[in-house]
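See below for the structure under consideration.
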Amino acid sequence: MSANSTSRTSPSDLTLTVRDQRFGRNAKREKGVDPVASAWFAALSASFPRGEAMFIDAVKAFRDDVPEDLAREIRAFIKQEVNHSREHLAFNRALEAAGYDIASLDKRIAGLVAETQEKPAIVQLAITAALEHFTAMFAHQFLKHPDRYATPGMGDPALWSWHAVEEIEHKGVAFDTWLHATRDWKPMKRWSVRNIVMLKVTGRFLRNRMQDALALLEQDGITGTSAKLRLAWHLLGNPGKLRRIFPAWLGYFRPGFHPWDEDDRYLIARHDSEYAAANLESVPAQ
Ligand SMILES: [Fe+2]
Ligand SMILES: [Fe+2]
């Protein structure tokens, strides 16, 4: 990947594969099964359709004069995110059918997205690069230790691993678009803007997703300090979803950081070979 004015790049032999798959349309939330994990997964899923549409718009705004290889990656990124939104919408509907009120969350998310889309286009792109780092960090952890995170309340685990694979694959796209769009900026300005944006995005992301998760826990009858402590333990204790991404989050602030500083395509290869093996197993013997 060529991104002008930077020594860091995406791997030149990186391939983005659009895996147009569909998952468990009849997936149901199992009430009472690990309610905290269920609420966190549901809070994330509720944010994806509108959030990912915002990412697409933010990247699209700067795609006109990018190098051809980045333009190709942007096209694949858009297709992947459109598919993710479609599958998470289906999952969100299944959650509603199982009794979660997702509509109230969705309304709030729509307001937050509208607020973001009033910001300058370059800020929206920096926000997208920061949030894509979040999805890539969660995706890495999920694919590396699927057993640590798997819980019946998450619906079909294959939905989450499919999404995680493609998040890793396109983790450099918004960032490379940002590098290209800011290629004439002084390094100090570029570094400080992306890091200030990351700090603000982190605060908002945590506040909003935790608020949504607590709202969902309340729907399960878990409220007050108990709900907060249980959610905090889930995120910071065991399985420690936030605690485990902390080193990677910190890495974003390093001057010269690039999402592909860590090449974790082995996780994609592992997922794809397991998927292929599972499909082969399901083919009836001749
Ligand atoms: Fe996605
Ligand atoms: Fe993404």
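Both ligands and their constituent atoms are indexed starting at 1 by order of listing.
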Point-to-point distance, once rounded to the nearest 0.5 Å, from [atom1] of [X] to [atom2] of [Y]:
X	Y	atom1	atom2	answer
His133	Ile245	NE2	CD1	8.0 Å
Trp40	Leu214	CH2	CG	10.0 Å
Ser47	Asp106	OG	CG	10.0 Å

Using only N, O or S atoms, tell me which atom of His84 is closest to the Fe ion (ligand 1). ND1
Looking at Glu52, pick out the N, O or S atom nearest to the Fe ion (ligand 1) and give its name. OE2
Using a 6.0 Å distance limit plus a 45 degree cone around the ring axis, check whether Lys171 lies over the aromatic ring of Tyr252. no
Any N, O or S atom of Glu81 closer than 2.8 Å to the Fe ion (ligand 2): yes
Could you confirm whether His170 has any N/O/S atom lying under 2.8 Å from the Fe ion (ligand 2)? yes
Check: Arg19 main-chain N/O paired with Glu166 side-chain donor or acceptor under 3.5 Å: yes
What does the angle at the Fe ion (ligand 2) come to, between atom OE1 of Glu167 and atom OE2 of Glu132, rounded to 10°? 100°
